[in-house]
Enquirer: 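Before we start, here is the structure in question, set down as structure tokens.
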Amino acid sequence: MSVCANHFRRALGSSSAAAAVRSTRLCMGTTTLKASLSSIPALSSAAASVSVFSSEHASSISSSNTTIRQFAAAAKKSKSKKDSNDQNGLSYKERKDAAKQKRREAWQKKHDRIDRLATRRDHSPKDVLKTQFRSWWDKEVMYHDVLRRAAKKENKPWRIRVAVMVERLPVVTPDMEDWERDYIDLRDYIWTYGKEYPEETGFMYAPDKPEDHIVPTDEELLAGLPFQIAPRETEADATGNVKTRDRQLKTRVYLAHRTDAEGNKSGPRWTLPSALASNDETLLQTAQRAVSASFGKDLELWCPSNAPMTVNFRVYNKNLPESFREGYYGEKIFYYRVQHDQGDVDESSLGNGEDYAWLTREEMVERVEEERGKHQAKFFHYML
């Protein structure tokens, strides 16, 4: 064992004796060291001290040797494993490929387990509607840039037109999905139990009876009311009348106008009420004038904003009369969204061959597609 010289110095009590110990071989067995000290007269008294030192630290040295043996065993095991690989004749590349294959199998096993688990995710494609809109919108913006450059090249200005979307908001809530109905039924059933408190508080009522947890249906609740509930489906829905706001109560309807005021060569077509802007009024005032000129002054509207919602371009056909084009390249149509407040359409204000209807978005898009094609129908679909 290795013996510290400081222990000998403290045991001998003198620096001269410690110097003599330094000259003695320190890394030797305990018995040999004691015999060497006994042979030296000046160090005969140190032999007993070495014996005491050896007995006091025997246990700590034994534990240290145990730890060293453990590390040695681990190193020997690692070396034997490496030698085993070398004995199998595997090269470095082959061992690396084997480890990579093992990782690949572990990854595949993990994902096979995930696929076997029952989850609520259907792994359907994400952002489908967003992708469809961007595919149309990006082309629309490029087309508008082409029209602006063409108008600038011909040195012709644009005429400003304002169109108005007059909407009637939903009157009743939409129909619930099946999962919503199941949730409400379960919630109402749980609520029949109320809150539960510890019995020692005395807050609990008498034990429940089975009839206390029967949830009445909607029909039973409506039958117990002292008045009659208005139907969610109106007579106009049954007869197909589109000239009344008392239809399609679950969704929004828009006031559409069938007219040829936009200079349509093919005659009247379904569109939104519109008017050309003048220099002495704002765009919102032009929108209000367009509704009054088309449907009379009985309609009262609520305008949530002074800013238009969107803009579209219309190029004048060269077959249109010059009296209508007046040297303009086309029109920039600004669309406003306003809400119906009260009043109704004055049919006497409609011109010859004109018509009106309160249409849903799907009905409006269908009529526009029949008259102007899918491109304009897609614009009305996203705008409305």
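Only a predicted model underlies this, so the values are computations on that prediction, with no experimental measurement involved.
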Enquirer: Heavy atoms, side chains only, cut-off 4.5 Å: are Tyr335 and Met165 in contact?
Expert: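 When only atoms from C-beta onward are counted, Met165 and Tyr335 do touch, with a gap below 4.5 Å.
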Enquirer: Starting from Phe133, can I reach Met383 by hopping between I/L/V/M/F/W/Y residues whose side chains sit under 4.5 Å apart?
Expert: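 Shared cluster, yes.
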Enquirer: Between Ser349 and Asp346, is there a donor-acceptor pair closer than 3.5 Å when you use the side chain of the first and the backbone of the second?
Expert: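 A pair under 3.5 Å: yes.
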Enquirer: Test your reading of the model: is there a side-chain donor-acceptor pair from Tyr356 to the backbone of Leu350, 3.5 Å cut-off?
Expert: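 A pair under 3.5 Å: no.
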Enquirer: Taking Arg361 for the side chain and His381 for the main chain, is one N or O donor matched with an acceptor at less than 3.5 Å?
Expert: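 Such a contact is found between Arg361 side chain and His381 backbone.
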Enquirer: For Met142, what are the other residues in its hydrophobic cluster, where any two members join if their side-chain heavy atoms are less than 4.5 angstrom apart?
Expert: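 Same cluster as Met142: nobody, lone residue.
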Enquirer: To the closest 0.5 Å, what do you measure between CG (Asp127) and CD (Gln132)?
Expert: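 Here the rounded value is 11.0 Å.
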Enquirer: What side-chain donor-acceptor pairs closer than 3.5 Å can you find for residues 365-377, not counting sequence neighbours?
Expert:
from   : atom 1 : to     : atom 2 : distance (Å)
Glu371 : OE1    : Trp270 : N      : 2.8
Arg372 : NH2    : Trp270 : O      : 2.6
His375 : NE2    : Glu140 : OE1    : 3.0

Enquirer: Go through it in stages, so that I can follow the logic: the residues are Val166 and Val291, the test is side-chain contact (heavy atoms from CB on, under 4.5 Å), and I'd like the CA-CA distance, side-chain angles, deciding distance and then a yes or no.
Expert: CA-CA 8 Å; Val166 181; Val291 176; 4.0 Å; yes
Enquirer: Does Arg159 reach the main-chain N or O of Ile333 with its side chain, forming a donor-acceptor pair under 3.5 Å?
Expert: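 Not a single qualifying donor-acceptor pair exists.
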Enquirer: Restricting to ring-ring contact (aromatic ring centres under 6.0 Å, His included), what partner residues turn up for Tyr254, sequence neighbours left out?
Expert: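 With neighbours one apart ignored, the set is empty.
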Enquirer: Would you indicate whether the side-chain heavy atoms of Arg247 and Val242 approach each other to under 4.5 Å?
Expert: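 The answer is yes; the side chains approach within 4.5 Å.
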Enquirer: How about CZ on Arg113, more than 12 heavy atoms from neighbouring residues, nucleotides or ligands closer than 6.0 Å, or not?
Expert: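 Result for CZ/Arg113: open.
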Enquirer: Check whether the ring centres of Phe313 and Tyr143 lie less than 6.0 Å apart, and answer yes or no.
Expert: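 Distance test on ring centres: not under 6.0 Å, no.
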Enquirer: Can you tell if the side chain of Thr360 reaches within under 4.5 Å of the side chain of Glu363, non-hydrogen atoms only?
Expert: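 When only atoms from C-beta onward are counted, Glu363 and Thr360 do touch, with a gap below 4.5 Å.
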Enquirer: If you look at every heavy atom in Ala256 and Met364, which pair is closest and at what distance?
Expert: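 Nearest heavy atoms, Ala256 then Met364: CB-SD, 3.7 Å.
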Enquirer: Tell me if the CD atom of Glu235 is crowded by more than 12 foreign heavy atoms within 6.0 Å.
Expert: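 Counting other residues, nucleotides and ligands, CD of Glu235 stays at 12 neighbours or fewer.
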Enquirer: Looking at every heavy atom in both Phe379 and Trp136, which two are closest together, and how far apart are they?
Expert: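 Taking every non-hydrogen atom into account, CA-CZ2, 3.8 Å.
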Enquirer: Grab the two heavy atoms, one from Asn306 and one from Tyr336, that are nearest each other, plus how far apart they are.
Expert: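 Smallest heavy-atom distance, with atoms named: O-OH, 2.7 Å.
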Enquirer: Answer with yes or no whether the side chains of Ser278 and Asp280 bring together a donor and an acceptor at under 3.5 Å.
Expert: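 Checked: Asp280/Ser278 side chains pair up, N/O donor to acceptor below 3.5 Å.
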Enquirer: Is there a side-chain contact (heavy atoms from CB on, under 4.5 Å) between Val215 and Trp191? Walk through the geometry before answering.
Expert: CA-CA 10 Å; Val215 180; Trp191 281 359; over 6 Å; no
Enquirer: Do you see a donor-acceptor pair shorter than 3.5 Å between the side chains of Glu354 and Thr259?
Expert: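 Yes - a donor-acceptor pair under 3.5 Å links their side chains.
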Enquirer: Which value, rounded to the nearest 0.5 Å, describes the distance between Tyr92 atom OH and Lys96 atom NZ?
Expert: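 These two atoms lie 4.5 Å from each other.
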Enquirer: Which of these passes side chain to side chain contact (heavy atoms under 4.5 Å, CB included) with Leu255: Val338, Val164, Leu359, Leu299?
Expert: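 Exactly one pass, corresponding to Leu299.
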Enquirer: So that I can tick it off, tell me whether Glu331 and Arg161 are bridged by a salt bridge, with the cut-off set at under 4.0 angstrom between side-chain N and carboxylate O.
Expert: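 Looking at Glu331 together with Arg161, the answer is yes, because their closest N to O distance falls below 4.0 Å.
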Enquirer: Please check if any side-chain donor atom of Thr244 sits under 3.5 Å from a side-chain acceptor atom of Asp246, or the reverse.
Expert: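 Asp246 and Thr244 do not have a side-chain donor-acceptor pair below 3.5 Å.
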Enquirer: Run Asp341 and Leu301 through side-chain contact (heavy atoms from CB on, under 4.5 Å) and show every step you take.
Expert: CA-CA 5 Å; Asp341 190 10; Leu301 309 174; 5.8 Å; no
Enquirer: Just jot down the side-chain contact (heavy atoms from CB on, under 4.5 Å) partners of Ile160, sequence neighbours excluded, or say none.
Expert: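 side-chain contact (heavy atoms from CB on, under 4.5 Å) check on Ile160 returns Ala277, Leu283, Lys332, Phe334.
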Enquirer: Side chains of Lys243 and Trp358: does their closest heavy-atom pair fall under 4.5 Å?
Expert: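 Of all side-chain heavy-atom pairs linking Trp358 with Lys243, none is under 4.5 Å.
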Enquirer: Residues in side-chain hydrogen bond (donor to acceptor under 3.5 Å, both in side chains) with Thr234, at least two apart?
Expert: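 Counting only residues at least two positions away or on another chain, Thr234 forms a side-chain hydrogen bond (donor to acceptor under 3.5 Å, both in side chains) with Asp237.
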Enquirer: Please name the pair of heavy atoms, one in Asn317 and one in Arg325, separated by the smallest distance, quoted to 0.1 Å.
Expert: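 Answer, listing the atom of Asn317 first, then Arg325: O-CD, 3.7 Å.
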Enquirer: Going from CZ on Arg337 to OG1 on Thr310, what distance comes out if it is rounded to the nearest 0.5 angstrom?
Expert: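 With rounding to 0.5 Å, CZ (Arg337) is 10.5 Å from OG1 (Thr310).
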Enquirer: CG of Leu221 to CG of Leu225: how many Å apart, nearest 0.5 Å?
Expert: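 Atom-to-atom, Leu221:CG and Leu225:CG are 7.5 Å apart.
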Enquirer: Is a side-chain N or O of Glu154 found less than 3.5 angstrom from the main chain of Ala151, in a donor-acceptor match?
Expert: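 Absent.
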Enquirer: Set out, in order, the CA-CA distance, both residues' side-chain angles and the distance that settles side-chain contact (heavy atoms from CB on, under 4.5 Å) for Tyr316 and Tyr328, then state yes or no.
Expert: CA-CA 8 Å; Tyr316 283 155; Tyr328 290 95; 3.9 Å; yes
Enquirer: Decide whether Val162 and Leu284 are clustered together by the hydrophobic rule: side chain heavy atoms of Ile, Leu, Val, Met, Phe, Trp, Tyr closer than 4.5 Å, transitively.
Expert: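 Val162 clusters together with Leu284.
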Enquirer: So, does Glu322 use its side chain to make a donor-acceptor pair with the main chain of Gly327 at under 3.5 Å?
Expert: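 Looks like yes, one N/O pair under 3.5 Å.
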Enquirer: Do Asp145 and Arg149 sit within salt-bridge range, that is, some charged N less than 4.0 Å from a carboxylate O?
Expert: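 Salt bridge flag = no for Arg149 with Asp145.
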Enquirer: Could you tell me whether Tyr382 and Trp137 have their ring centroids closer than 6.0 angstrom?
Expert: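 Aromatic pair excluded; centres sit 6.0 Å or further apart.
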Enquirer: Does a side-chain heavy-atom distance below 4.5 Å link His144 with Asn312?
Expert: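 A side-chain contact under 4.5 Å exists here.
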Enquirer: Can you tell me how far apart NE2 (His257) and CG (Asp355) are? Round to the nearest 0.5 Å.
Expert: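 So the gap between those two atoms works out to 8.0 Å.
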Enquirer: Locate the shortest heavy-atom distance separating Ser274 from Ala290; write the atom from each residue and the value.
Expert: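 Ser274 and Ala290 have their closest heavy atoms at C-CB, 3.6 Å.
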Enquirer: Run the side-chain donor-acceptor check on residues 169-177: report pairs under 3.5 Å with partners two or more places apart or on a different chain.
Expert:
from   : atom 1 : to     : atom 2 : distance (Å)
Asp175 : OD1    : Arg232 : NH2    : 2.8
Asp175 : OD1    : Lys250 : NZ     : 3.3
Asp175 : OD2    : Lys250 : NZ     : 2.8

Enquirer: Are the side chains of Arg289 and Gln285 in touch, meaning some heavy atoms are under 4.5 Å apart?
Expert: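 Answer no - side chains too far apart.
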Enquirer: Would you say the side chains of Gln248 and Thr251 form a donor-acceptor pair under 3.5 Å?
Expert: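 No, because no side-chain N or O of Gln248 sits under 3.5 Å from a partner of the opposite role on Thr251.
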Enquirer: Would Asp97 and Gln101 count as a side chain to side chain donor-acceptor pair (under 3.5 Å) if you check the C-alpha gap in whole Å, the side-chain angles of each, and the deciding distance to 0.1 Å?
Expert: CA-CA 6 Å; Asp97 293 341; Gln101 180 63 24; over 6 Å; no
Enquirer: Any side-chain heavy atom of Trp302 sitting closer than 4.5 Å to one from His340?
Expert: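 Of all side-chain heavy-atom pairs linking His340 with Trp302, none is under 4.5 Å.
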Enquirer: Regarding Arg103 and the six-membered ring of Trp107, is the cationic atom NZ or CZ under 6.0 Å from the ring centre and inside 45° of its axis?
Expert: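 No, Arg103 and Trp107 do not form such a contact.
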Enquirer: Are any of the side-chain heavy atoms of Asp138 and Val141 separated by less than 4.5 Å?
Expert: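 Sidechains of Val141 and Asp138: no contact.
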Enquirer: If only atom types and distance count, is the side chain of Arg245 paired as donor or acceptor with the main-chain N or O of Arg168 below 3.5 Å?
Expert: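 Absent.
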